[in-house]
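Residue numbers start from 1 in every chain, and the chains themselves are labelled A, B, ... in the order their sequence lines are given, proteins ahead of strands.
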Protein chains: 4
Amino acid sequence: MRKQNVPASVKDERLIELRRNQMIKGAVSLFKEKGFHRTTTREIAKASGFSIGTLYEYIRKKEDVLYLVCDRIYDQVRDRLKKDIGTKCGNTESLKYAISSYFKVMDEMQDEVLVMYQEAKSLSKEDLPYVLKKELEMVEMFEEILTSCVENGELSVGLKERKLIAHNIFVQGQMWGFRRWALQRLYTLEEYTDLQIQNVLEGLSKNPQNLKEGNE
Amino acid sequence: MRKQNVPASVKDERLIELRRNQMIKGAVSLFKEKGFHRTTTREIAKASGFSIGTLYEYIRKKEDVLYLVCDRIYDQVRDRLKKDIGTKCGNTESLKYAISSYFKVMDEMQDEVLVMYQEAKSLSKEDLPYVLKKELEMVEMFEEILTSCVENGELSVGLKERKLIAHNIFVQGQMWGFRRWALQRLYTLEEYTDLQIQNVLEGLSKNPQNLKEGNE
Amino acid sequence: MRKQNVPASVKDERLIELRRNQMIKGAVSLFKEKGFHRTTTREIAKASGFSIGTLYEYIRKKEDVLYLVCDRIYDQVRDRLKKDIGTKCGNTESLKYAISSYFKVMDEMQDEVLVMYQEAKSLSKEDLPYVLKKELEMVEMFEEILTSCVENGELSVGLKERKLIAHNIFVQGQMWGFRRWALQRLYTLEEYTDLQIQNVLEGLSKNPQNLKEGNE
Amino acid sequence: MRKQNVPASVKDERLIELRRNQMIKGAVSLFKEKGFHRTTTREIAKASGFSIGTLYEYIRKKEDVLYLVCDRIYDQVRDRLKKDIGTKCGNTESLKYAISSYFKVMDEMQDEVLVMYQEAKSLSKEDLPYVLKKELEMVEMFEEILTSCVENGELSVGLKERKLIAHNIFVQGQMWGFRRWALQRLYTLEEYTDLQIQNVLEGLSKNPQNLKEGNE
DNA sequence: CATGAATGAGCCTTCATTCAT
DNA sequence: CATGAATGAAGGCTCATTCAT
C-alpha cells in the first residue's frame, strides 16, 4: 500500500516509526498555528523533542515533513471512518450514519484538515497525486454506500450523480472546518449534520427520472 | 466601500490604479504557479513590468500584494455576478440562472480562486476579516434569491436551511476549481452545473415540511 | 573665508540662501532626534518644506547637508561668542566672562553641538579639516585672552600651557552638553561654570614657575 | 557582573567567548576605519573569520556587535586601570600615577575609545545606560583617590568639586584621543600628562577655601 | 545514532539619487 | 525652478541543509 516512502538515514524501523510519530505530532501543532512555510525546521525538531541534526536523519527535505503529516492525517480520518462505518451494510440508514460519523470526525480534526487543505499545494509534484489518491478512496467509500442503496432499491441515482453526491458529502464535511468562521456561528454540529443529510437524501429517495442518465 | 488599506507612497491616484493593476496581474500568475510564499518580491516586480523599488512605492509589505490580489478577485467575481443576475427577480428560474452564471465565473477564474483559497491564510489578522466579509456578501446574494423564491411561493425552505443552501452553492462553485483534478475529468461544466442545480432544487420544490423549522 | 562650497544647480544666490536655511533647520532637528545616518533625504526634504527633487537642486549628496549643518553650527557659536566677548580687553575678568559666556552658548546649543560631535566623523575627508579649522579658531579666541592676561601681568603661563588651557576650556564647554547625563544632575550651569573657572584660574594666578617652560 | 545582554543561539559558552572575541576584534578595526553605520554585517563576519550565518549565531542584531564592542572596550580600560592603580593608597603621588597611567591606556586604546565615543549613540535605549554606568564607575575611581587625598590632609576639596575634577580628568584622557588632530601635534604624551597633572593639582594643594563648599 | 555549529544562498526592504515633466 | 515617480544597488537577517564530532 505504501507508495512513495520518505527515505531515512537511520535503519532501525522501530526507531523510524517512533521518531516520525514525534515529528508529525510536533509539526501538526506548529502548522496549525503558523502554517507550513512560516514554520522552521528547527522549530519542528524542537517540538518533536530532538535536535535539528536528528530531524534530518529521518527526512531528506522539509517538504517530507509535510508529506508525512498529510499522509498521517488522511490515514487517521480513513481509519476512523472505516472503524465507524466499515461493516455497515448499504442502506439509507447506514448512509445517514456514515455522513454523521464523517462529519463528527471532521469536527474533531478540523485543525488538521485545515492544515492539509491550506498546505497540500506545497507538496512536491510527486507527492501530491499520492495524497489525492487517498482522498479519492474516501470519496469512494460514500459512493459505494450510495451504490448499495441503489442496488437495494432504496434510492435511484445514476452513477454520475452518485459520484457527484459523494464529492458533495466529502466537501461538506470539510466545509464544516474550513468555513467554521461562518458555519459554526450559525449551526451546531448536529443541526448542520441534519440539514445536510436532509439535503442529500430528499432529492434522491423517490425520483425515478434520476436513473435515466445513469450510465457507464 | 473602497480599499481601506494598503497606503502608497505615490500620490497620483490614477497611477496607483494603473500600477496596481499591473501588479495584481503579474502577481496572480506567479501565485498560481508557485504560491505566495515561493514567489519573491523581485519576481512580482518583474512580472509587473517595473523595478523592485517601484513595487515598494505602491505597497508597504509583500503581504499587501496578497491582500490586493484577494481584494481584486472578490471584486471581479462579485461584479460579474451582479452584472449577470443583478436585476433578475427572484424565482427558481433566476436561481438556476444565477447558479449557472456563478459556476461559469468560477470556471473562468478558477486559477484566481484557487490562489485565494490556498493563500488567504497568509493574510494578516487585520485583512482576513475584510476579505471574509466580501465572501459573505456573495453568499448572501444566493440567500436573497432563495428568500424571494420562498416569498413568491415557489419554494418552502426555512431561514437556516436557506442560509446553508446558499453556502452549499457557493462552495460547489469553488469545488469546481479546487477539486478540478477529480471533477473536471468526470463532468463537463454543463453537466456539473445541471447536476448540482438538480440536487439543490429537487429537495426544495415540493416539501412543505421544510418550513416547520423556518425560524427567525 | 568660504573654503569649500557645496555647489547648487540653482543660480539665484538669494534662493540658495533661503532654501539652505530651511534645510539646515529641518536637518538639525532630525539629526538631533535620530542621527545623520538614520535620517533619510526624504525626511530632510519634508522637514525643510520642499520636495526631494528640490533638495537635490541645492546639494549634490546627502553628506553635503551634514557639512552645511556643521558649518552653520560653528558659525552660530562663533558669532555668539564674538558678539559677547569680542571687544573685551584681555584681563582675567574678561576671561571669566568669556568662559561663562561660552558655557552659556554651549548650554543653549547643546543639541546642535551633540549632533556635531557625533556626526562629524561622517564628513568626507575633504570637509573635515575645514570644520576642524573652525574649531581651532574658537580655541584660539581663548588662547588670545590668556595671552593678554600674561602680557598685562595678571597671569604667568607659558605658551604651551596656554594652548592646553584653551583646549581644556573649550572641551569643558562641550562636556556640559555631551556629558549632560552625568553633569547636569550634579550641577546647575552656574555651579558648573564657577567651579570650572575656579579650576582654571587657581593654578595660574600666582605661580611664576609656570613661566619657566613658557617658550616660543 | 557579566554580560546581561546579547543572547546567542549557540550553547557552548567557550565557543561563544571565542567567537565573540574574534568578532569584537574584527569589528573594532572596521568601526575605526568607517564607523558603525558604514560597516556591513557581512564585513564584520568576514573580518571575524566566519560566515554571515555564523555571525548571527552569536548575536541577534547588528547593534549587538556595537554593544559587545563597547562593553569590551570599557572592560579593557577598567581592567588595565584596576591593575595599574588598584592597590595604591590614596595620596597625591598615587593620583599622579593614576592619571598618568590612565592617559597611557587612553593613548594605547585611542582608536577603540574614539569608536566608542562616536558610535555609542547608536546603542539602543536599553543598552546605553548600562554602558554609561560603566563609565561612571571609572570616574568614581578618580573620585575615590581624590577623597583619600582629602582624608589624609593632602588636599582640601569639597565633594562637588572632587566629582567635577574626576570628570575633568576622565575627559582629559579621552581628549588626548578624540582631539588628537590638535593635541598630538602640540605635545608628546608625557608633556600632555605633566601639564594636565599640574593643572589639576596646582589649584588644589593649598587652598583651604575650597572646603567651604564641601557639602554632602 | 545524536548533536548542534557552520554555511551561504537568497529573501524582503530601504533609500540615495536621477530625470522627465 | 519644482516636483515626485522610478530605479536598483546594497543591507540586515533567516533558515534549510550539511557534516565533523
Side-chain angles (χ1 to χ4, degrees), chain A residues 8-12 15-16 19 37-46 49-65, chain B residues 8-12 15-16 18-19 37-46 49-63 65, chain C residues 8-12 15-16 19 37-46 50-65, chain D residues 8-12 15-16 18-19 37-46 49-65:
Chain A
S9 306
V10 171
K11 298 298 163 198
D12 185 336
L15 208 46
I16 294 180
R19 293 280 181 258
H37 280 105
R38 296 200 208 277
T39 301
T40 68
T41 51
R42 273 165 168 72
E43 287 171 323
I44 295 171
K46 185 175 217 179
F50 40 70
S51 72
I52 180 69
T54 300
L55 180 69
Y56 274 87
E57 293 286 321
Y58 296 92
I59 58 164
R60 287 161 315 168
K61 310 173 10 281
K62 187 188 175 191
E63 204 178 67
D64 287 343
V65 180
Chain B
S9 305
V10 169
K11 305 285 173 183
D12 186 332
L15 212 44
I16 294 181
L18 171 65
R19 293 280 178 261
H37 281 105
R38 294 199 209 278
T39 301
T40 70
T41 51
R42 274 199 251 291
E43 288 171 326
I44 296 172
K46 181 176 240 178
F50 38 69
S51 71
I52 182 67
T54 299
L55 179 68
Y56 275 88
E57 292 282 315
Y58 296 91
I59 58 165
R60 289 159 315 168
K61 317 190 322 339
K62 187 190 176 190
E63 202 179 69
V65 180
Chain C
S9 307
V10 170
K11 298 299 161 197
D12 185 336
L15 208 45
I16 293 181
R19 292 282 180 256
H37 280 105
R38 296 200 208 278
T39 301
T40 69
T41 51
R42 272 164 168 72
E43 286 171 324
I44 296 172
K46 184 175 217 178
F50 40 69
S51 72
I52 181 67
T54 301
L55 180 69
Y56 274 86
E57 294 286 322
Y58 296 91
I59 57 165
R60 287 160 314 168
K61 311 173 8 285
K62 186 188 175 191
E63 204 178 66
D64 288 342
V65 181
Chain D
S9 305
V10 170
K11 305 285 173 179
D12 186 334
L15 211 45
I16 294 180
L18 172 66
R19 293 281 178 261
H37 279 105
R38 295 199 209 278
T39 301
T40 70
T41 52
R42 277 198 246 293
E43 286 171 326
I44 296 172
K46 182 177 239 178
F50 39 70
S51 71
I52 180 68
T54 299
L55 178 68
Y56 276 89
E57 291 283 314
Y58 296 91
I59 58 166
R60 290 159 313 168
K61 317 191 320 340
K62 185 188 176 191
E63 202 180 69
D64 287 343
V65 180

Check your understanding: Could you give the CG-to-C1' distance, from B:Leu55 to F:dG8, as a whole number of Å?
Key -> 13 Å
Review point. For A:Lys61 and F:dC15, what is the distance between atoms NZ and C1' respectively, to the nearest whole Å?
Key: 16 Å
**Study point:** B:Thr39 vs C:Glu63, nearer the 5' end of DNA chain E by closest nucleotide
**Key:** B:Thr39
Review point. Just how far, in rounded Å, is P of F:dG11 from NZ of D:Lys46?
Key: 13 Å
Review point. Would one find a side-chain N or O of D:Thr41 under 4.0 angstrom from OP1 or OP2 of F:dC13?
Key: no
Exercise for review: Select one nucleotide: of F:dA16, E:dA5, F:dG12, the one nearest the side-chain heavy atoms of A:Lys62.
Suggested key: F:dA16
Exercise for review: Determine the contact category for C:Ser9: base if any of its heavy atoms lies under 4.0 Å from a base atom, sugar-phosphate if only primed atoms, P, OP1 or OP2 are that close, otherwise nothing.
Suggested key: nothing
Practice item. Measure from the side-chain heavy atoms of B:Asp12 and tell me the nearest of E:dT14, E:dA2, F:dA5. Key: F:dA5
Close N or O pairs between protein and nucleotides 8-10 of chain E (under 3.5 Å):
residue, atom, partner, partner atom, Å
E:dG8, N7, D:Gly53, N, 3.2
E:dG10, O6, D:Arg42, NH1, 3.0

Review point. How many angstroms lie between CG in C:Leu55 and CZ in C:Arg42, if you round to the nearest 0.5 Å?
Key: 11.0 Å
**Study point:** C:Glu43 CD to F:dG4 P, straight-line distance once rounded to whole Å
**Key:** 17 Å
Review point. How many angstroms lie between atom NZ of D:Lys11 and atom CD1 of D:Ile16, to the nearest 0.5 angstrom?
Key: 9.0 Å
Exercise for review: Report the nucleotide, chosen from F:dC13, F:dC1, E:dT13, that has the shortest atom-to-atom distance to any side-chain atom of C:Lys11.
Suggested key: F:dC1
Point to revise | 5' precedence on DNA chain F between D:His37 and A:Arg60 (nearest-nucleotide basis) | key: D:His37
Point to revise | Closest to side chain of C:Glu57, choosing from F:dA2, E:dT14, F:dC13 | key: F:dA2
Review point. Side-chain N or O of A:Arg19 less than 4.0 angstrom from OP1 or OP2 on E:dC1?
Key: no
Review point. Just to confirm, is there a sub-4.0 Å distance from OP1 or OP2 of E:dA2 to any side-chain nitrogen or oxygen of A:Tyr58?
Key: yes
Point to revise | For atom CD1 of D:Ile44 and atom P of F:dC13, their distance in whole Å | key: 10 Å
Review point. Minimum heavy-atom separation for A:Thr40 to A:Glu43, with atom names?
Key: N-OE1, 2.8 Å
Check your understanding: Whole-Å distance between F:dA2 C1' and C:Ile16 CD1?
Key -> 15 Å
Check your understanding: Rounding to a whole Å, what distance do you find between D:Ile59:CD1 and F:dG12:P?
Key -> 10 Å
Point to revise | Presence of A:Arg38 side-chain N/O under 4.0 Å of F:dC15 phosphate oxygens OP1/OP2 | key: no
**Study point:** Complement of E:dA2, any strand, by Watson-Crick or G-U distances under 3.5 angstrom
**Key:** F:dT21
Exercise for review: Return the value, rounded to whole Å, for the distance between atom CZ of C:Phe50 and atom P of F:dT3.
Suggested key: 9 Å
Study note, to complete from the structure: Out of F:dT3, E:dT14, E:dA2, minimum distance to the side chain of B:Tyr56 belongs to E:dT14
Exercise for review: Go through F:dA2, E:dC1, F:dT7 for me and flag the one nearest to the A:Val10 side chain.
Suggested key: E:dC1
Review point. Which word best sums up how the rings of A:Tyr58 and A:Phe50 line up, parallel for under 30°, tilted for 30 to 60°, or perpendicular for over 60°?
Key: tilted
Practice item. Please name the pair of heavy atoms, one in C:Arg38 and one in D:Glu63, separated by the smallest distance, quoted to 0.1 Å. Key: NH2-OE2, 4.3 Å
